[in-house]
Structure formats: structure tokens, C-alpha cells
Number of protein chains: 2
Amino acid sequence: MLTTAGFSGLFFGATFMLGEELNERSRRILEALIEDHIESAEPVGSRTITRRHQLGVSPATVRNVMADLEEMGYICAPHTSAGRIPTEKGYRFYIDSLLQVRQLSQADQQRIEQHYRLKGMRVEEVLREAGKVLSSISHYTGLVLAPRFTSTVFRHIEFIRLSSGRVLAILVTRSGTVQNRLVELEEDLRQGELEQMTNYLNRTLTGLTIQEVRARILQEMAEEKALYSSLLTQALQLSRQLFQDEAAGEVFIEGAANIFEQPEFADLERMKRLFRAFEQKSRLVALLDKSQQAEGVQIFIGAESEYSEIEGCSLVTASYSNRLGTIGTLGVIGPTRMPYSLVIPIVDYTARLVSKLLETDNR
Amino acid sequence: MLTTAGFSGLFFGATFMLGEELNERSRRILEALIEDHIESAEPVGSRTITRRHQLGVSPATVRNVMADLEEMGYICAPHTSAGRIPTEKGYRFYIDSLLQVRQLSQADQQRIEQHYRLKGMRVEEVLREAGKVLSSISHYTGLVLAPRFTSTVFRHIEFIRLSSGRVLAILVTRSGTVQNRLVELEEDLRQGELEQMTNYLNRTLTGLTIQEVRARILQEMAEEKALYSSLLTQALQLSRQLFQDEAAGEVFIEGAANIFEQPEFADLERMKRLFRAFEQKSRLVALLDKSQQAEGVQIFIGAESEYSEIEGCSLVTASYSNRLGTIGTLGVIGPTRMPYSLVIPIVDYTARLVSKLLETDNR
DNA sequence: TGTTAGCACTCAGGCAAAGGGAGTGCTAAC
DNA sequence: GTTAGCACTCCCTTTGCCTGAGTGCTAACA
């Protein structure tokens, strides 16, 4: 269920080997420290650890181990007389080697499910709702990357003449998402002519993916047969225009206010930076796109995302799919100090649920 | 160009009368104080005023006048040994009686215009762009309330059978906005049957406003003639469902990060509150709706909006229209300490421009 | 040899006191 | 009616002190 294969190789080969150096006691202390820190958001000291965990050793021993862990880069001290906090490397080791991901309880599963109606939900509604549920259950911010237009299956096109020379094109995909574009034509076309064009296009293109549609249009244009009718030639030219531009990936951000309640965002500058990151969605899209290529739950910790605006944040994502394969990504963004053992199954379960809900669209 | 008629009666009858009590000198001092405060965001003292404005009086005199202004409620002191800041009543008097609204320069007009393409912009694109332009030119946050579905003119309907019993309905308005809804039917309909239905509905309903459409459907259902065909009866029942639910008013918020750069939002709590207000759009919609009923530029100062989350903020709005009349509202939200003389013409000009751009949709 | 107790040391954060600065209101003189 | 002068207020910053939590080191112990 949890894989970080896609990225752990990339970022953590070295980490893993160092991980081998850790004996059982060091691991348990690191785990205790990280879990205490996740709960308290404060640096954790040696005494706190011995008090709250039955490790069978004294604070002094813990201090020695912590000194080693610090040297190895798993934890660090914000200042001399403070406890330790995990580094990104520490979190990565924790997630890869120490974390026990629980199964979501039946009750939690139901709590998630009950937000979705079974009938009459459009794709967009399902995705938006998924974002909201993710944010409200996790108490962080929900992110959902909608399916790319390019990867959807063409179902239907419709031209509507709005006024002289202005035509509205409506594109429907098989899953029922709708896109519309406005075209200004040199010469006016009557609605009847437009209908002829749509009939032709629907006949020719239905059932193809948008990528295939593009190829098919070019092919049709190349073949002479289209030339017999200037109207059809026009239709092809027009539709080439319509299908060529890729709409920027759309991302739904839900519950952004949640994340700002976290103590790490008491700092105004950080809050603003993250806020700007949310506003400028393109980089988020790129990041989510990246995780779409991998199976299972992906975790980006802080700078691993190569996205400095979300410094101090982690991203837990999973991709969702329909019968055609993976079509989008959803997940949660929150502070790196995040209870991964809770968030991971929530994201995982939501992705599965969304996949199930969208699957039926392709009967 | 600037009217506050719709609201000044409501809120400022009393203010205006008190305004009469103010002699020329008091007015000039109040004006100077407000303008200094708008620039500095700090309480303004008597010496600062005499230093920066040629009033021909000493600080002591200014102090006396300020004491009077305070008693009348136009200004207040945050604490004993600070300068004064304008109250909401002060701002209101300033806007109603002292403010000189400049015309937008040719250069500024062009700066705004160049953000819009002249051709092929859909309504939604025009509105989003307007929000962005408003925010980037004013350095505050742009708000645009999209036209209500109810007030638009029906142009076209289309049913697309997605799978057994699942039908996608696409509604197009005359201005080219598209809405789509998913319907689950008890019994399966063939695409051919759906086409019959759309033909009938398009013939019957095109050109009516949505409100009229609703009435017409009920009327058709009441008349026996529809009963002759069970298919048409079904069509009417289906479309009644489609048209009855009012989509919540849609509002575009652009450049929310801008407003958080203002010094008044250095306070974390306030920032969060405003942020939550942005996230929960329904009340913003209500507020913008309110101003839609009035002509010209409207200004809501702080609590006048009866919307405590945006305490300390002002809203400068103007409604835009097409040939059918007023259809929506746009504006800027920023701190009450806002250079109104700049913002007002920006909002005014944008509203006119948007109206002009949308007008062509109704040829 | 690994573990632990003890101890000196460090440093952030809270609190109170002190000082400076900006501004006020009042009074008396112009 | 206006102004200069002055005592007063209060915020804000700086300073110093103290406390508590935590560390690293060392020496003793098992």
C-alpha cells in the first residue's frame, strides 16, 4: 500500500545505507523523538523521552545516542540548550523504515464515504468533494489535480452560434466533463452548417482520446477526401484549433485555512509565502504531476519537492484512476511535522474511493 | 460617476448633518489627517499635520480642532499619547464630502485595457481577468461576482447519454456561459429520444430568461398538450429539475495575497479571519449582491457591511451590465485605510470596460 | 566496555525597571 | 481666537536578571 519507490531511490539511497548503521536502541529513540515532536511541535529533550517511553535507559544514555543521531544528520538542535527536532533526513528514515501505517478503521472509512452521494455526481464534484473531505479529516489542506484534458476520451462536440461569426464550441468527454471555447470566425456560418460539421466530427472522433483526436484530425486533413467538401475542411481546421491548446492542469485547493492554524505558521512571513504558493498554482500542478507517474502513496518532505515556497511542509499524495489508467492525483499538504500514520491511510483510501466512483463513468 | 445614494441615506443622514457643523478649517484638518494616515498607516499627531500641510496654524490650534473632531466622532486616539486615526464615521465623511476623485489618466486607462483581448474571450475569462487587473492595479484584492444564472437568457440545451440511465445536460446562455448537470434517470433513454427532447425544449424555451423558462415549463406542464407525448412530458419533468436549483452565486477572488502585505494584517489573528472570509464565499456573495442593486460606485466601510470578518476592510464596488441591465458586481477589497481617490476610478473604469466587453454578446 | 549520576554550563523566554519619544490637555499670555 | 510653554501620559524599546530546560563532559559503577 505504501510505496516510495519512485522517489526513495532518487533521494534516499544514501539515507537507507546510513539507516543500516542504526541499532535497535537508536531506532527506538529516533522514533520516540519524532513521535513526541509530531505531537508537541516542540524540541524534544532526553528527559522527556525517558519519561514518556519505556526504553529502560537513563536520560544520559539517551543524550549520548542523540549526539550520535545528530552527527549522522537525523536530528538537530535549534540552539544549544534546547531539545532536538528531526531533520528532513530524519523524517525520511522514519517514514521509510520506522513508520507503522495503520489500516483505516471501518468507522473512519464510513466517515469518509458518507461525504459522497452515490448518484448524480459529476467528475468535478467528486474531485472537489474529495479535496474537502481530505482537508476536513486530516485538518490540513486538501489538493486534487484534475484529469488532464489530453488524457480523456472524446465523447461529443457541439457548436453553437452565439452571434455573427462568434461560435461557442462545447467539448464533452466520456466521463462527462465539459469544456467550452469561444471561436471568432472570419465568415459567418449558419447553425445548420454548424450542425453538419458537428455530425461529421462526432462520427469521426467519438471514442478516441484527445491525443488520438489530434492525430486523427491531421490525418483526415492530409487525406484528400475531406477536400470534397469545403465545409468539412473548415470543420477540421476549426477543430484542430479547438483541440490543440492544452488547458493548464487544474488543481483544487480545499481548506487552505486549516494549515495556517498549525503552530509552524505563526510566523507571518512563512504564512505569506505558503499563501502565495497556493495562489500561484502552476508549480503545485507540476509537483502533483510528478507524483502521478508513481503507484501508491507518495511522500514529499520539505525541500525534496524542490519547491522552496512550501518549505517546512510535506505532501502526501496518491494517484487515482479510471479504467483507462491513472488520470490524476490527490493528497494532503501539511507541516512536515505531520502524523503520517494517520494521513497516509486517509489519502490512500480517498484515492481508492475516488477511483471507484469515477470507474463507473466508463461503462 | 460616484454615488453613494443607495447607502448614504441609510447610514449617513446623521453624519451629513454633523458634517455641516464643520467649518473650513476643521474640514481641512480632517482631510489632512486622513490623507496622512492613508499614507503612513500610523496615528497622526498635531505636529505632523502642521509640518506636512500649509494650514497656517500652530500645532496647538490643530490640537484644539482635533479634540473637537474626536468629540464629534470623526477621529479617535488609540491611546492617550498617540496621534489620532480616523473612525469609520470619519472615513465616511471624507468620502462623501471631502474626497476629490480624479479622472483616470489616459495612460492608466490603457494600462487597464491592455489586459483584455478584444476577441474570443468568454464571459468567464473576461470576469476573471477583470479580477486580476483590479488586484494588480490597486494592489489590493479583486472581487468579481459573476452573473446569476437566473438572470441570464436561455439559448440552448443539449442532452448527452453518458451511460445507461446517466444523462449529461448542458445549458448554454445567450452570452455563451455553459452549465452542465448530471441526471440519473429511472429508465434508460436512447440518444435519439434525447434529441427529440432537446429539439422540443430548444424550440419552446430559447430566448427566455431562466426565470421565464421556469414559468414556461410549469405552464406547458399544466396545459394538456404535452400529455399527448409521454416523451415530451418526460422532457418537461427533466428540465424542471434542471432549471429549478439556483447555483450559488459565483465569486472570483484574485490577488488575495496582496491584501496580506498591508501593515494592518501583520496581526495573525486578523489575517486568518479575513482568510477564512475569503474561503467561505457565501457571505461575500451576499454583500456584493447588495451593491448590485445600486448604480455607480458603492463604498462599504468596515462594519457598514455588517460582516465582522472583514473588520477593518473597505469594499469599493461597481456593477457591470449588458443590454439586459445590471448583471453582476466587481470591485476591490482592501484596508479601510485605502487611497480611495485612486481606487474608485479604477473600479469605475473597469466596470464600464467589462460592461462594454460583455455588451457585444447580445447582438 | 557500556551505562549512569552528577555537575557546570548554555541559552531562550518571561518579567520588571528604566529611559526615550511622541503626543496630549491645560493654562496663561499675546 | 491663537499660540507658546509645560507637565503629564503612555507606548515601545532596551536592559538586566532570573528561571527552567536541556546539554556535554567526567568520573564512578556494574
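Predicted model, so just to flag it, every value in this text is computed and none were measured. Chain A is the first sequence line, chain B the second, and so forth, proteins listed ahead of strands; every chain is numbered from 1.
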Specify the separation, in whole Å, of atom [atom1] of [X] and atom [atom2] of [N].
X	N	atom1	atom2	value
A:Asn23	C:dT3	CG	C1'	14 Å
A:Leu33	D:dG22	CG	P	11 Å
B:Leu69	C:dG25	CG	P	12 Å
B:Ile29	D:dG1	CD1	P	15 Å
A:Met66	D:dA21	CE	P	16 Å
B:His79	C:dT24	NE2	P	10 Å
B:Glu70	C:dT24	CD	P	9 Å

- Would you state whether a donor and an acceptor, one from the side chain of A:Thr80 and one from the base of C:dC11, lie under 3.5 Å apart? no
- Message: Between A:Arg84 and D:dT23, is there a contact of a side-chain N or O with OP1 or OP2 at under 4.0 Å?
- Response: yes
- Can a side chain N or O of B:Arg63 be found less than 4.0 Å away from OP1 or OP2 on D:dT2? no
Using modelled atom types and a 3.5 Å cut-off, is there a donor and acceptor pairing between side-chain atoms of [X] and backbone atoms of [Y]?
X	Y	value
A:Glu279	B:Ala257	yes
B:Ser314	B:Pro335	no
A:Arg337	A:Ile38	yes
B:Lys89	B:Met72	yes
A:Ser341	A:Val101	no

- Hey, which sits more toward the 5' end of DNA chain D by its nearest nucleotide, A:Ser81 or A:Asn64?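 It is A:Ser81, whose closest nucleotide lies nearer the 5' terminus.
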- Query: Which of these nucleotides, D:dT2, C:dT24, C:dG25, is closest to any side-chain atom of B:Thr61?
  - Reply: D:dT2
- Sorted by number, residues from residues 42-60 of chain A placing a heavy atom under 4.0 Å from DNA chain D are A:Gly45, A:Ser46, A:Thr48
- Is any side-chain heavy atom of B:Tyr91 closer than 4.5 Å to a side-chain heavy atom of B:Met338?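 Counting from C-beta outward, B:Tyr91 and B:Met338 never come under 4.5 Å.
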- Check whether any side-chain heavy atom of B:Leu342 sits under 4.5 Å from a side-chain heavy atom of B:Ile137, and report yes or no.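 No, side chains not in contact.
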- Query: Can you tell which of A:Ile34, A:Ile344, A:Ile299 makes a side chain to side chain contact (heavy atoms under 4.5 Å, CB included) with A:Leu99?
  - Reply: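 The option that passes is A:Ile344.
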- Do B:Glu311 and B:Arg270 meet the salt-bridge criterion of a basic N to acidic O distance under 4.0 Å? no
- Let me have DNA chain C in dot-bracket notation, would you? Count Watson-Crick plus G-U wobble pairs, both distances under 3.5 Å, and use [ ] for pairs crossing earlier ones and | for inter-strand partners. ||||||||||||||||||||||||||||||
